[in-house]
Engineer: 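This is the structure I have questions about; it appears just below.
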2 protein chains.
Amino acid sequence: MPAFHTYKNPALATDLVVFGYQDKALSVLLLNRKEAPFKNGWTLPGAFVGLEETLAEACRRILDTKLGLRSIYLEQLYTFDTPNRDPRGRVISVAHFALVSQGKLTAVAGKMANDVRWFPVTDIPVLGFDHRQILSAAQERLRAKILYQPVGFELLDENFTMPELQDLYECILGHSIDRRNFRRKILDAGFVELTGEKKEGLQNRPADYYNFNKKLLPQHFHLNL
Amino acid sequence: MPAFHTYKNPALATDLVVFGYQDKALSVLLLNRKEAPFKNGWTLPGAFVGLEETLAEACRRILDTKLGLRSIYLEQLYTFDTPNRDPRGRVISVAHFALVSQGKLTAVAGKMANDVRWFPVTDIPVLGFDHRQILSAAQERLRAKILYQPVGFELLDENFTMPELQDLYECILGHSIDRRNFRRKILDAGFVELTGEKKEGLQNRPADYYNFNKKLLPQHFHLNL
DNA sequence: TTCCGTTTGCGTTATTTTGACACAAACAAA
DNA sequence: TTTGTTTGTGTCAAAATAACGCAAACGGAA
């Protein structure tokens, strides 16, 4: 038996699908590469995984140093290993996806280098590597997840109105929902509560602000939308 | 930038959760290790991933050479990277789970080395590495999956009766279901059809044989059981 | 002020789905 | 024939869902 680390293994990387919600649209952070391969092409942010860090730590490192994002929702998505997915050689990528709330999104937008941009998921450019496939998998996961876990709140501010929440759901699910039925199902699920405040200063009737109540959270529900 | 494969990367492995269904019980293939670490302890079958093979190929290799199983259902589960999950060093494992039908199960049972055994999921011994965690994740995935994809049929023979199918569902879900409601929901989902044959030779009323009909498959349904 | 267009909040009703049963049919064994 | 057990089919009340009406609360125009 040879020494342990002399085994020839594929290289290990992480790629990140960072979702944000702004201007009534779900969007993704893309990075314009300055180096080959795919020079000047758009890709997901990613990096190789070091010997001393976990996958999550590698993701946090990317989020922090490349994008200036901290303490946001992060989840492992899938591990991609198509043979020629990276022209440089054999690289296996453990893809993750992250959710950025509106508050943090706007706060960081200015700090970002001009080679990092938000793209609405409805208008994604050609992506390098197999990142189009990764992005599609992330969207599918998010679609499924939003129906049984309170993950959508990671994309909104602490306080949000029912119409705002509904528009988010519609963006992610890709179809429109009846206002009144949506409201009823969300309230029945029982993980939001009224704050008592209203969204004033608008043109129409003020909307009630709601709050994601972690104490009431059933941690497992099922929305039929 | 150093030569590509001089990056220090964690070692990459695969571990397999092979599910079988026999004697009205869901069971898992476990391997008794002949070498350290966890010598004489039970673990999931696994192997390191070579440079020239995909993850799926590595899994097929294990299934074929170690267990004598071919062309069975295989799916990626999750990638485990807890720092000290392997006492030999930093190993990241892309766990998969496989489903073996009763026919193939019995055909191969005899060929298996005596250090490989089926264990009912209700009676699992202490496992090495983080394999208990992997097994639990696989069970959870299977529980969820059986409700919206026709994956349970991979565990049965081509022809099966409704009571057999129900018992399988009950084993995986972990709770009993009303016979009549179960039948109705399965038939409403519309991916099984009567073969016309009956399971004769038993003590009681013969049960109708059903068939998993791939042509009728909606590929996306939702069972509420 | 009054009227209008728009959005929000709250409700109703018909339909569908679900959960909990009852009962007869088909076998083997007594 | 009778009994015990399992399978196939149907019923019915309760719950969940989809579709929809209507008044309240704003800003802006008349």
Side-chain angles (χ1 to χ4, degrees), chain A residues 23-25 146-148 152 156-157 159-171 173-213 218 220-225, chain B residues 23-25 146-148 152 156-157 159-171 173-213 218 220-225:
Chain A
D23 304 329
K24 287 180 172 292
I146 205 173
L147 295 178
Y148 62 90
L156 296 172
D157 290 332
N159 293 330
F160 51 88
T161 69
M162 201 55 83
E164 287 169 356
L165 184 63
Q166 175 171 356
D167 188 76
L168 172 62
Y169 270 79
E170 289 180 340
C171 284
L173 295 177
H175 63 84
S176 57
I177 311 168
D178 182 274
R179 283 169 38 232
R180 297 146 282 192
N181 294 336
F182 177 81
R183 174 186 299 271
R184 175 171 45 84
K185 288 176 182 177
I186 292 290
L187 291 178
D188 283 353
F191 46 85
V192 298
E193 60 178 1
L194 279 168
T195 64
E197 301 176 10
K198 290 173 183 291
K199 184 162 188 173
E200 313 267 2
L202 287 179
Q203 195 166 355
N204 308 315
R205 174 174 183 171
D208 292 328
Y209 268 126
Y210 286 87
N211 216 315
F212 168 49
N213 190 337
H220 181 259
F221 51 85
H222 181 74
L223 293 175
N224 201 334
L225 298 177
Chain B
D23 303 328
K24 287 180 171 292
I146 205 174
L147 294 178
Y148 63 90
L156 296 173
D157 290 332
N159 293 331
F160 51 88
T161 69
M162 200 56 81
E164 286 169 357
L165 183 63
Q166 175 170 357
D167 188 76
L168 172 63
Y169 270 79
E170 289 180 339
C171 284
L173 295 177
H175 63 84
S176 58
I177 310 168
D178 182 275
R179 282 169 38 231
R180 297 146 281 190
N181 294 336
F182 176 80
R183 173 187 300 269
R184 183 188 38 185
K185 289 175 182 177
I186 292 289
L187 291 178
D188 283 353
F191 46 86
V192 297
E193 60 178 2
L194 278 168
T195 63
E197 300 176 9
K198 290 173 183 291
K199 184 162 188 173
E200 314 265 5
L202 287 179
Q203 194 166 356
N204 308 313
R205 174 174 183 172
D208 293 328
Y209 268 126
Y210 287 87
N211 217 315
F212 168 50
N213 190 336
H220 180 259
F221 51 85
H222 181 74
L223 294 176
N224 201 336
L225 299 178

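Naming convention: chains lettered A, B, ... in sequence-line order (proteins, then strands); numbering from 1 in each chain.
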Engineer: Tell me which residues in residues 177-188 of chain A put a heavy atom below 4.0 Å from DNA chain C, sorted by number, or none.
Structural biologist: A/Arg179, A/Arg180, A/Arg183
Engineer: For B/Phe191 and B/Phe212, take the angle between the two ring planes, folded into 0 to 90°, and tell me which bin it lands in: parallel under 30, tilted 30 to 60, perpendicular over 60.
Structural biologist: perpendicular
Engineer: If each of A/Pro163 and B/Glu200 is mapped to the nucleotide of DNA chain C with the nearest heavy atom, which maps nearer the 5' terminus, i.e. the 5' end?
Structural biologist: A/Pro163
Engineer: Among C/dT18, C/dA26, C/dG9, find the nucleotide with the atom closest to the side chain of A/Met162.
Structural biologist: C/dG9
Engineer: Given 3.5 Å as the limit, does a donor-acceptor pair link the side chain of A/Glu200 with the main chain of A/Pro206, or not?
Structural biologist: no
Engineer: In whole Å, I'd like the distance from the CG atom of A/Asp208 to the C1' atom of C/dG9.
Structural biologist: 7 Å
Engineer: Determine whether B/Tyr210 and B/Thr161 satisfy the following criterion, side chain to side chain contact (heavy atoms under 4.5 Å, CB included), listing intermediate values before the conclusion.
Structural biologist: CA-CA 6 Å; B/Tyr210 287 87; B/Thr161 69; 5.8 Å; no
Engineer: Out of A/Lys199, A/Lys198, A/Arg183, which residue meets the salt bridge (Lys or Arg N to Asp or Glu O under 4.0 Å) rule with A/Asp208?
Structural biologist: A/Lys198
Engineer: Grab the NZ-C1' distance between A/Lys198 and C/dT7 for me, whole Å please.
Structural biologist: 13 Å
Engineer: Apply the test side chain to side chain contact (heavy atoms under 4.5 Å, CB included) to residues B/Leu225 and B/Asn181: give CA-CA distance (whole Å), side-chain angles for both, the deciding distance (0.1 Å), then the verdict.
Structural biologist: CA-CA 9 Å; B/Leu225 299 178; B/Asn181 294 336; over 6 Å; no
Engineer: Nearest heavy atom decides the nucleotide; on that basis, is B/Tyr210 or B/Asn204 closer to the 5' end of DNA chain D?
Structural biologist: B/Asn204
Engineer: For the pair B/Asp178 (side chain) and B/Arg180 (backbone), establish whether a donor and an acceptor sit closer than 3.5 Å, ignoring hydrogens and angles.
Structural biologist: yes
Engineer: So, does A/Lys24 use its side chain to make a donor-acceptor pair with the main chain of A/Asp167 at under 3.5 Å?
Structural biologist: no
Engineer: On the side chain of A/Arg205, is there an atom forming a donor-acceptor pair with the base of C/dT8 - under 3.5 Å, no angle test?
Structural biologist: yes
Engineer: What orientation do B/His222 and A/His222 show, parallel under 30°, tilted 30 to 60°, or perpendicular over 60°?
Structural biologist: parallel
Engineer: Taking any atom under 4.0 angstrom from a heavy atom of chain A, which nucleotides of DNA chain D are the first and last to qualify, 5' to 3'?
Structural biologist: D/dT17 to D/dG27
Engineer: In whole angstrom, what separates B/His222's NE2 from C/dT17's C1'?
Structural biologist: 12 Å
